[in-house]
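Everything on this sheet refers to the single structure shown next.
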Amino acid sequence: MSNRRLTLATIACAAIGFIASAGPVLAQSDYPNKPVKIIVPFPAGGTSDVMGRLVAEELGKILKQPFIVENIGGAGGVIGTERGAKSAPDGYTLIQTGVGQNAVAHGLEPFPKYNSNTDFIHISQVHSGPNVLVVHPSTPFKTLKELVDYAKANPGKLDYGYTPAASGHMAMEQFKQTAGIFMLGIPYRGGGPMMTDILGGTIKMMFINQDVALQHVKAGKLRPLAVSSAQRNALYPDVPTVAESGYKGFEALSWSGISAPKGTPQPVIDKLEAALVQAMTSPAVKQRLESQGFVVPVQGARHYAEFIKSEEARWTRVIKTAGIKTP
């Protein structure tokens with residue numbers, strides 16, 4: 001009798017253990033069964049916010065649950081990214097990763113309290129886009145060569161605007177190092193005030209996102225000299241790349257993607273990756289991005305993880321060479 005009771009107790013315990021262990025698996029197969037939050041580590045209204053909301057809309061359609069953007073700005077994207085890294089790894093908090101907070105930030109001091117290569121699972125890249133080197137029309141420069149020749153003959157006499165640690169700032173630093181020129185950089189708190197000053201002729205040039213510059217270029221208020229991507233941009237078909245202008249191999253991009261905190265279950269990551277690839281390769285989304293001069297990059301977790309690692313190494317080298325310090 002006692003042996004039979006022991007056997008029944010053993011079976012009962014095993015059954016309870018099976019149910020407990022099956023719980024997370026069942027929950028993962030049912031993912032998502034409630035709204036999912038995407039942390040966008042920048043204020044509403046900018047390119048990062050637009051990309052985050054695009055992703056949220058498309059994932060919501062595919063996975064049949066609301067994907068809700070939460071804007072947590074500050075410190076060039078570091079504050080929101082740090083909060084995302086510390087979130088529960090259950091698939092219900094995702095993080096928009098990008099060039100500033102996940103590549104540039106690792107070359108600046110103080111360093112962020114997260115490691116972009118080990119504290120996240122990178123799911124897929126969403127977009128990339130170039131910066132455009134624009135000058136005020138009052139300047140005599142019609143080509144990049146003319147600008148470089150003048151800068152070499154007159155070191156320090158040309159000035160440019162930049163937002164610290166932004167993609168345009170990094171593009172300019174890489175360009176100065178590549179061309180071997182010295183120009184005076186003037187820092188701005190944001191792209192709005194910087195645009196106001198270049199339109200007014202207070203500063204003479206800057207690298208700025210292609211979509212932001214377009215209306216002013218079309219109005220004749222800015223003159224584009226080069227784009228920072230490896231290929232020409234659809235919005236600027238007649239504007240050469242920096243590489244075409246004599247600096248082979250030059251490339252500097254603005255980009256973003258979607259990641260999750262480390263420890264997020266692999267079945268959840270796989271489901272999100274498949275949904276993102278489906279969303280970003282759909283004709284409607286590709287047309288929407290390309291109409292604004294953005295590119296839908298190679299999709300998938302492996303490519304995105306490798307890309308972030310290479311971008312961190314690239315911008316850390318540029319920052320150390322330039323001796324850039326956090327303002």
Side-chain angles (χ1 to χ4, degrees), residues 24 27-28 31-60 63 65-127 163-167 169-170 189-191 254-266 268-269 271-273 275-276 301 304-305 307-309 311-312 315-316 319 326-327:
Q28 291 168 26
Y31 174 88
N33 56 27
K34 62 181 181 179
V36 178
K37 177 172 65 178
I38 300 177
I39 293 177
V40 171
F42 296 96
T47 300
S48 294
D49 181 59
V50 170
M51 294 299 167
R53 292 180 190 279
L54 170 67
V55 168
E57 179 184 348
E58 296 301 319
L59 289 182
L63 296 175
Q65 284 288 343
F67 280 69
I68 301 165
V69 167
E70 180 181 3
N71 298 95
I72 304 176
V78 169
I79 291 174
T81 306
E82 182 179 339
R83 189 176 302 183
K86 295 177 179 177
S87 298
D90 57 7
Y92 289 95
T93 299
L94 306 178
I95 307 100
Q96 182 192 57
T97 38
V99 59
Q101 65 271 35
N102 293 97
V104 173
H106 291 293
L108 298 171
E109 297 180 10
F111 302 121
K113 297 177 182 177
Y114 54 83
N115 185 309
S116 289
N117 296 308
T118 59
D119 290 340
F120 303 91
I121 300 174
H122 300 301
I123 302 171
S124 197
Q125 190 175 352
V126 169
H127 91 285
T163 302
S167 60
H169 181 197
M170 294 298 102
R189 290 182 178 272
S254 171
W255 52 265
S256 73
I258 296 295
S259 305
K262 68 177 180 180
T264 301
Q266 191 60 44
V268 172
I269 296 296
K271 199 166 190 178
L272 286 165
E273 181 182 3
L276 269 171
Y304 192 35
F307 177 74
I308 287 179
K309 191 176 294 185
E311 284 286 279
E312 180 187 333
W315 296 122
T316 297
I319 289 165
T326 304

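When reading the values below, keep in mind they use all heavy atoms of this one structure, side chains included, and skip hydrogens, waters and symmetry mates.
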Evaluation steps, side-chain hydrogen bond (donor to acceptor under 3.5 Å, both in side chains), between T97 and Y304 = CA-CA 10 Å; T97 38; Y304 192 35; 2.8 Å; yes
Between I319 and V104, is a side-chain contact (heavy atoms from CB on, under 4.5 Å) present by the stated rule, with each step listed?
-> CA-CA 8 Å; I319 289 165; V104 173; 3.8 Å; yes
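- In this structure, the side chains of F111 and H106 stay at 4.5 Å or more apart for every pair of heavy atoms.
- Every side-chain hydrogen bond (donor to acceptor under 3.5 Å, both in side chains) that D49 has, sequence neighbours left out, goes to R53, N71.
- Note that CE of M51 is 13.5 Å distant from CH2 of W255, once rounded to the nearest 0.5 Å.
- A distance of 9.0 Å separates NZ in K309 from NE2 in H122, rounded to the nearest 0.5 Å.
- Counting all heavy atoms, side chain and backbone alike, G84 lies closest to P261 at O-CG, 3.4 Å.
- The side-chain hydrogen bond (donor to acceptor under 3.5 Å, both in side chains) search around K37 returns E70, not counting sequence neighbours.
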Could you walk me through whether Q101 and F42 pass side-chain contact (heavy atoms from CB on, under 4.5 Å), step by step?
-> CA-CA 10 Å; Q101 65 271 35; F42 296 96; 3.5 Å; yes
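- Listed by first then second residue, pairs satisfying side chain to side chain donor-acceptor pair (under 3.5 Å) with a partner in residues 82-91 read E82-K86, not counting sequence neighbours.
- With a 4.5 Å cut-off on side-chain heavy atoms, L63 and K271 count as touching.
- For the residue pair H169 and T163, the shortest heavy atom distance occurs at CB-O, 3.4 Å.
- Y92 and K34 make their closest contact through CE2-CG, 3.2 Å (heavy atoms, listed as atom of the first residue, atom of the second, distance).
- The two residues V40 and Q96 come nearest to each other via the heavy atoms CG1-OE1, 3.4 Å.
- Atom OG of S259 sits about 8.5 Å away from atom CD1 of I269, to the nearest 0.5 Å.
- Looking only at side-chain heavy atoms (C-beta outward), T81 and F120 come within less than 4.5 Å of each other.
- In this structure, E312 has no salt bridge (charged side-chain N to carboxylate O under 4.0 Å, His left out) partners at least two apart in sequence or on a different chain.
- T47 is linked by a side-chain hydrogen bond (donor to acceptor under 3.5 Å, both in side chains) to nothing, counting only residues two or more places apart in sequence or in another chain.
- Here the straight-line distance linking atom CD1 of I258 with atom CZ of F67 works out to 9.5 Å at 0.5 Å rounding.
- From I79, atom CD1 reaches atom NZ of K113 across 10.0 Å, with rounding to the nearest 0.5 Å.
- Nearest heavy atom pair, residue N102 against residue S116, reads ND2-OG, 2.9 Å.
- Residues passing the side-chain hydrogen bond (donor to acceptor under 3.5 Å, both in side chains) test with S256 are H127, sequence neighbours excluded.
- Annotation: the span from I39 atom CD1 to I68 atom CD1 amounts to 12.5 Å, rounded to 0.5 Å.
- Here the shortest heavy-atom pairing between V99 and S167 reads CG1-CB, 4.2 Å.
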